There are 2 protein chains.
Amino acid sequence: MPGTRSSRTLLRQEVVEGIKRYILRERLRPGDPLPAEPALCEALGASRSSVREAIKILDALDIVDVRHGHGTYVGRLSLSALVESLTFRGLLSPGDDFQVLADLVDVRELFERGMAERIVSSLSDEQLDTLDSLVQTMRETGADEGSGFVAADRAFHALLIAPVGNDLIGQLSMAFWDVYTIVAPHLDGFTHADELSTISAHQSLVDAARAEDTTAFLKALEEHYAPVRRRVTEARARDDAAS
Amino acid sequence: MPGTRSSRTLLRQEVVEGIKRYILRERLRPGDPLPAEPALCEALGASRSSVREAIKILDALDIVDVRHGHGTYVGRLSLSALVESLTFRGLLSPGDDFQVLADLVDVRELFERGMAERIVSSLSDEQLDTLDSLVQTMRETGADEGSGFVAADRAFHALLIAPVGNDLIGQLSMAFWDVYTIVAPHLDGFTHADELSTISAHQSLVDAARAEDTTAFLKALEEHYAPVRRRVTEARARDDAAS
DNA sequence: ACAGAGCAGACGTCCGATGTCCCGCTGATA
DNA sequence: TATCAGCGGGACATCGGACGTCTGCTCTGT
């Protein structure tokens, strides 16, 4: 008779742990295939429904990657769940997305400030050249061709934080960048002057890094994030006035 | 006839978006109830299976909170998904959990270093007293009563980062602390001397904060994290030698 | 050899029945 | 009257099976 169990812990949660244990025990790596659903059902003693719900949970955490028609594989363990989660938090906020955005900017700046020394000391010449070319790309693709601009901005910050050799910080940094760009459009205060100052700040960052001048790099960081912070503050004030 | 659809996007994913939209549209807040599963099925035009899988995904992200026997509610939007995800990444790592741990320590230190000034300037007298008492708790509960020690350590760092007024940083900081304590036991190199130096470092942090001496605070931070970093490095070396 | 039809395996979706959990109502008891 | 065991209903949990869709591979024709 179905449904007969009451072990205080949800079956699907046991299945989740079971699948995680399986991956660990078999020393699987991202991309490796997992047994098919029926096999997991038998191995874990659960119906297909429970196994599927467990897999969906693991999929949401990018611990598992399900491909329709192919099978189920070990996931890449990215921080996609963090992005999803924070994005929704930003969208949900009381009516005050602004605090979330301000916090986000704080964290992004914190990462780059905290890594400033390691950044300027470990960027190679080729990497600096690449950064230069990205700034050039931002100059060429105006706000009209927005997608190119934001892509260049993302690549810039990714490359900036990459050479410190801390994957976690790199991925977190990009996750926060992603969340910011998804949530930020709500505040629409990005003028042409802002764009120019942003580009100029990026150029200052590259120049400071090339000169291995940490102080100048920190100054450029402030030059970069101050306008962002100002836009958030202005949007908040505008919203407060409206309500 | 069931299963008839091919809109290139998975139905359960549409349901996920639908539920998110519903929460946003109705301006629901954490703790507010969602419609029952049958109602969601009808509203979103999907079977119960698909709705349930979607709910499990949202539950994994803490966007939704399912309580057996009660109903489904808007979640607290914590960073539990990040903890789950990073923990598993740490456990899975090639055989090199150590890099993950080192990265984790870097990030934790980065947060507190970057917020040093705001921490020392915004801690109230009562908060400083609480920090003192937490250090005292750590002194009294030796490594024998481990749970009290780690609880005090967690509370200490939580209180340290709380007054800066950036919820995101606070929650991230605690998330990383959680992940570290879950993954770290693999390296078991925590001696009595380590414990004493840890306690001493915490006391130095409080003293520096009370004196509003940022320089001393930064020095105490280094005193705190250096042993942690050393243990990770030693464990890595030990592991390399063994293999 | 090469291109298209067909096949097999794996995940996606739907359905209906039954079990378990929790809460609030009810009525017997002290 | 106050209390609490017992009942009922609502909501989620689990099960089993049926059918659809997707993808890659093979087996045909030309």
Side-chain angles (χ1 to χ4, degrees), chain A residues 1-19 22-23 26 28 30-76, chain B residues 1-19 22-23 26 28 30-76:
Chain A
M1 41 300 287
T4 302
R5 52 168 284 102
S6 56
S7 23
R8 206 41 109 199
T9 80
L10 268 20
L11 178 53
R12 67 160 173 281
Q13 204 52 46
E14 287 180 24
V15 175
V16 164
E17 296 306 320
I19 294 177
Y22 175 86
I23 294 174
E26 300 293 324
L28 300 185
D32 288 350
L34 263 56
E37 286 173 1
L40 288 175
C41 293
E42 192 166 4
L44 300 170
S47 77
R48 194 167 164 223
S49 313
S50 297
V51 169
R52 280 182 60 79
E53 289 184 4
I55 289 177
K56 294 305 156 291
I57 291 174
L58 292 170
D59 189 58
L61 300 174
D62 202 16
I63 287 176
V64 136
D65 180 24
V66 180
R67 277 177 284 183
H68 190 179
H70 284 244
T72 307
Y73 304 81
V74 177
R76 290 174 316 176
Chain B
M1 43 299 279
T4 302
R5 50 169 283 102
S6 58
S7 26
R8 213 31 128 198
T9 82
L10 269 21
L11 177 53
R12 68 159 172 281
Q13 203 53 46
E14 287 180 25
V15 175
V16 163
E17 297 306 320
I19 294 177
Y22 175 86
I23 294 174
E26 300 293 323
L28 300 186
D32 288 351
L34 263 57
E37 286 172 1
L40 287 175
C41 292
E42 191 167 2
L44 300 169
S47 78
R48 187 145 175 245
S49 312
S50 297
V51 170
R52 279 181 61 79
E53 289 184 4
I55 290 178
K56 295 305 157 291
I57 292 174
L58 292 170
D59 188 61
L61 300 174
D62 203 15
I63 287 176
V64 135
D65 179 25
V66 180
R67 277 178 287 186
H68 189 179
H70 282 244
T72 307
Y73 303 81
V74 176
R76 289 174 316 178

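All figures in this text were calculated on a predicted structure; none of them were measured in a lab. For the numbers below, each heavy atom of this structure counts, side chains included, while hydrogens, waters and symmetry mates do not. Protein chains get the first letters and strands the later ones, always in sequence-line order, with residue 1 at the start of each.
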Trainee: Base, sugar-phosphate or nothing for R12(A)? Non-hydrogen atoms, less than 4.0 Å.
Mentor: sugar-phosphate

Trainee: Could you state the CZ-C1' distance from R67(B) to dC23(C), rounded to the nearest angstrom?
Mentor: 13 Å

Trainee: Which nucleotide in the set dT14(D), dC14(C), dA13(D) lies at the smallest distance from any side-chain heavy atom of A46(B)?
Mentor: dC14(C)

Trainee: Expressed in angstrom and rounded to an integer, what is the separation of K56(A) atom NZ from dA13(D) atom C1'?
Mentor: 17 Å

Trainee: Do you know which two heavy atoms are closest between G18(B) and L44(B), and how far apart they sit?
Mentor: CA-CD2, 4.1 Å

Trainee: Which residue, S47(A) or G69(A), contacts DNA chain D at a nucleotide closer to its 5' end, judged by nearest heavy atom?
Mentor: S47(A)

Trainee: Rounded to the nearest angstrom, tell me the gap between atom CG in L10(A) and atom P in dC22(C).
Mentor: 10 Å

Trainee: Under 4.0 Å between any heavy atoms, over every strand shown, what does I55(A) touch: base, sugar-phosphate, or nothing? Just pick one.
Mentor: nothing

Trainee: Report the nucleotide, chosen from dC12(D), dG12(C), dA10(C), that has the shortest atom-to-atom distance to any side-chain atom of P38(B).
Mentor: dC12(D)

Trainee: Quick one: do L28(A) and Y22(A) satisfy side chain to side chain contact (heavy atoms under 4.5 Å, CB included)? Show the steps, please.
Mentor: CA-CA 8 Å; L28(A) 300 185; Y22(A) 175 86; 3.8 Å; yes

Trainee: Can you tell me how far P of dA11(D) sits from CG of L34(B), to the nearest Å?
Mentor: 13 Å

Trainee: With rounding to the nearest 0.5 angstrom, report the CG to NZ distance, D59(B) to K56(A).
Mentor: 14.5 Å

Trainee: Starting at OH of Y73(A) and ending at P of dA10(C), how long is that distance when rounded to a whole Å?
Mentor: 10 Å

Trainee: Hey, could you give me the CD1/CD1 distance between I57(B) and I55(A), rounded to the nearest 0.5 Å?
Mentor: 11.5 Å

Trainee: In whole angstroms, how far is the C1' atom of dG16(C) from the CD atom of E37(B)?
Mentor: 15 Å

Trainee: Between R48(B) (CZ) and dC14(C) (C1'), how many Å, whole number?
Mentor: 13 Å

Trainee: When the distance from CG of L40(B) to P of dT13(C) is rounded to whole Å, what number comes out?
Mentor: 16 Å

Trainee: Determine the contact category for S49(A): base if any of its heavy atoms lies under 4.0 Å from a base atom, sugar-phosphate if only primed atoms, P, OP1 or OP2 are that close, otherwise nothing.
Mentor: base

Trainee: Quick one: does H68(A) reach the base of dC22(D) with a side-chain donor-acceptor pair under 3.5 Å?
Mentor: no

Trainee: Across the strands shown, which category fits H70(A) at heavy-atom distances under 4.0 angstrom: base, sugar-phosphate, nothing?
Mentor: sugar-phosphate

